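What follows is a single structure, written as structure tokens, with notes after it.
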Amino acid sequence: KKAAKGEAKLWCTRTKVCFALVLAAMLATVAMMARSRSNHASGLSTLGALPRRATSRILRAVSKEADASSPDIEELDDALLHDPLLWGAYRRESMDAYLAERAKCDEPGHPGWRSVDMDAEGIMNYYTYHLHPKSPKGERNPIGWEVCDVEDEANQSGWTFTRFGPFVGEGDYDWHFVSINPMPRHPRAKFMTAKMFAPVTRDGRVLSYPPVHTHHAHMGLDGVHHWFDSHGDSICAEEQGGTACYLREEPEGYGLPLLEVDSYLLDFILNDVRKAGSPAMTFYMETSLRWSADASLTPVSRAHYTMHSTNFQDNGVEYSHPFNTILLPLREESIMWHTGKWLVPGRVIYSPVDQTPYLHSHRSFLKGMWAFAASPEELGLTPDLLELTPQSAVPEGSSELATERDACWVPRDGDMSAEEAMWHVIRNSEAGKEAARCWLTTNDDLADKRTLDFVPGTDASWRDGYVEAWQQGWEESWYDRAGQVYCNQPWLFEPGDNYTIIAVNGLDPRLDEDGG
């Protein structure tokens, strides 16, 4: 957000693109695990899930055809899957269901929230506060943790609500870094079917961006990060659900399986992005998971595809960039790609209303993303197209060093944009454009393709209606939003099949305030 803001200019020269796919797991170990659990579960649906047929009341409320000639439920279900105009209502209804379950923690007769003594239970906990990301040393602080469990009547599914804090921010993009390991898991959990990772107020209101930027919230399974996650671009445009997109559910009938020996950890960074000197704001981080003991769920796994690592050693010298980011030209459009091979047979699960698949990136720089069932060479993308980011592109005063891994393709022939140059090469390649499977593109006129939202600024005056600290001191600017990944056909794959993820990057001119 703070592109061209003096000391923050360096952040504009880096971008990281992560592409996460959910695929049907066909590994023998997963299939055997599911069968062995069939004797232990009742087959109940997961708590808080919104069955497809139950969404008809939502669709009839927002559909233009909500009259006597309305389509039947099956047609409405199909519309839900394919009509972006319906997704915002569905996602908000899902978030309302989540909040209703969480509210049970405060009802009479419920055990309610309990504090976790992490030191007594041998749980590693770490919280540091940095006034600014470049602060040389963080301030170590204690952190509290509360947990509440809500289960269905049969005790076969439920939510484990967790809340960390309190955090106190005063704006200026301060940093709150937390790491917890291990995270306790419910003893009857055989699948995880949903997550909700978001900053909240003292009374549980889910906060948007601004005022709080979720730099990242990673739930790692057995040390592998991004098993579940939230980021600054997890929020949708308001028409598509807004903060309700912090809640992400596996498509109905699917779940991420857990072995008895599995354990998971959590780390997150939050930023108070209000203006410097804003009134002190108290907030928390909610990291809740929905579990199920239903052995009839179809096991899925997560394929997490990220652009190449820029951290390496050469002759004993370590080269790295923060958060494994890549140095790219700031004001030139550029193209980079990542490739690999599938390790198992399977298919990509596509459910856009459930944000599956999804993409994490820094929207200030992302022009578009495309996923192909082909190798780079089959798409005409060869190493000779790449050029190294020159050191002259790094802002003065920065200690960052451009390395041999900071490489991208900057099209310089003719008047074509980077996207046009990319498609020109691909259309004339062996694989052709027919190899495209999934993509995310941007268009400010369409809510599902809007990846930056303009948010007006606010002052610190209660007279203007800004009563709470979280409402005060917002900077007028453009803020990241999720957009939508689309896919055009079933993506089936076998071991050894190629995939390639391509990203077109370039600074959005609306964030280049001074052109300097």
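Owing to the predicted nature of the structure, the values given are computational and were not obtained by experimental measurement.
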Whether the side chain of [X] engages the backbone of [Y] through a donor-acceptor N/O pair (distance < 3.5 Å, no angle test) should be reported.
| X | Y | answer |
| --- | --- | --- |
| Asn271 | Val273 | no |
| Glu146 | Ser115 | no |
| Gln240 | Cys236 | no |
| Arg91 | Ala244 | no |
| Arg185 | Ala189 | yes |
| Thr282 | Val168 | no |
| Ser230 | Phe197 | yes |
| Glu333 | Ala418 | yes |

>> The test is salt bridge (Lys or Arg N to Asp or Glu O under 4.0 Å); show your working for Arg290 and Glu101 and say whether it passes.
In response: CA-CA 11 Å; Arg290 188 177 66 196; Glu101 294 299 318; over 6 Å; no
Within the 4.5 Å heavy-atom criterion, are [X] and [Y] side-chain neighbours or not?
| X | Y | answer |
| --- | --- | --- |
| Val455 | Ser477 | no |
| Trp370 | Thr441 | yes |
| Phe365 | His362 | yes |
| Trp113 | Val147 | no |
| Phe177 | Leu270 | no |
| Asn505 | Ile326 | no |

Do [X] and [Y] get their side chains close enough for a donor-acceptor pair, meaning under 3.5 Å?
| X | Y | value |
| --- | --- | --- |
| Thr214 | Tyr246 | yes |
| Asp152 | Ser157 | yes |
| Asp294 | Ser292 | no |
| Thr356 | Asp354 | no |
| His231 | His213 | no |
| Asp233 | His360 | yes |
| His216 | Asp267 | yes |

>> Other residues, nucleotides and ligands only: do more than 12 of their heavy atoms fall within 6.0 Å of CZ on Arg202?
In response: no
>> Could you go through Trp342 and Tyr499, starting from their C-alpha distance and side-chain angles, then the distance that decides it, and tell me whether this counts as ring-ring contact (aromatic ring centres under 6.0 Å, His included)?
In response: CA-CA 7 Å; Trp342 294 102; Tyr499 64 83; 5.6 Å; yes
>> Test of understanding: with ring-ring contact (aromatic ring centres under 6.0 Å, His included), list the residues that count as partners of Trp439, not counting sequence neighbours.
In response: none
> What residue among Trp478, Trp474, Tyr479 forms ring pair (Phe, Tyr, Trp, His ring centres under 6.0 Å) with Tyr209?
Replying inline: Tyr479
> Considering the options Phe161, Tyr284, Phe164, which one meets the ring pair (Phe, Tyr, Trp, His ring centres under 6.0 Å) requirement together with Trp145?
Replying inline: Phe164
Using every non-hydrogen atom in the two residues, find where [X] and [Y] come nearest and quote the distance to one decimal.
| X | Y | result |
| --- | --- | --- |
| Ala237 | Ala447 | CB-O, 3.7 Å |
| Leu207 | Pro211 | CD2-CG, 4.2 Å |
| Glu249 | Ser94 | OE1-OG, 3.5 Å |

>> Evaluate Val178 against Ile143 for side-chain contact (heavy atoms from CB on, under 4.5 Å), listing each step before the verdict.
In response: CA-CA 9 Å; Val178 174; Ile143 186 172; 3.7 Å; yes
>> Assess the residue pair Arg163 and Val200 against the criterion (side-chain contact (heavy atoms from CB on, under 4.5 Å)); give the C-alpha distance rounded to whole Å, side-chain angles, the decisive distance to 0.1 Å, and a yes or no.
In response: CA-CA 9 Å; Arg163 191 175 291 176; Val200 298; 4.0 Å; yes
Within the 6.0 Å centroid threshold, strictly below: [X] and [Y]:
| X | Y | answer |
| --- | --- | --- |
| Phe167 | Tyr127 | yes |
| His218 | Trp227 | no |
| Tyr129 | Trp175 | no |

Look at [X] together with [Y] and state whether they make a salt bridge at an N to O cut-off of under 4.0 Å.
| X | Y | result |
| --- | --- | --- |
| Glu286 | Arg102 | yes |
| Asp444 | Arg450 | no |
| Asp149 | Arg114 | yes |
| Lys275 | Glu475 | no |
| Arg188 | Glu151 | yes |

> Among all residues two or more places apart in sequence or in another chain, which pass the side-chain hydrogen bond (donor to acceptor under 3.5 Å, both in side chains) test with Thr500?
Replying inline: Thr339
To the nearest 0.5 Å, what is the distance between [atom1] on [X] and [atom2] on [Y]?
| X | Y | atom1 | atom2 | answer |
| --- | --- | --- | --- | --- |
| Met183 | Leu265 | CE | CG | 9.0 Å |
| Asp229 | Phe268 | CG | CZ | 14.5 Å |
| Leu99 | Leu247 | CG | CG | 9.0 Å |
| Leu266 | Thr162 | CG | OG1 | 7.0 Å |
| Gln484 | Leu446 | CD | CG | 12.0 Å |
| Met336 | Ile501 | CE | CD1 | 11.5 Å |

Return the set of residues passing salt bridge (charged side-chain N to carboxylate O under 4.0 Å, His left out) with [X] (not counting sequence neighbours), or none when no residue passes.
| X | result |
| --- | --- |
| Glu434 | none |
| Arg274 | Asp272 |
| Arg437 | none |

> Going through the checks in order, is the side-chain contact (heavy atoms from CB on, under 4.5 Å) test met by Asp480 and Asp453?
Replying inline: CA-CA 7 Å; Asp480 287 8; Asp453 259 351; over 6 Å; no
> Parallel, tilted or perpendicular for Tyr486 and Trp87, by the 30°/60° rule?
Replying inline: tilted
>> One pair to check against ring-ring contact (aromatic ring centres under 6.0 Å, His included): Tyr173 and His215. What are the steps and the verdict?
In response: CA-CA 11 Å; Tyr173 232 87; His215 179 278; 8.7 Å; no
>> Per the disulfide (SG to SG under 2.5 Å) rule, what does the pair list look like for residues 83-114, sequence neighbours excluded?
In response: Cys105-Cys148
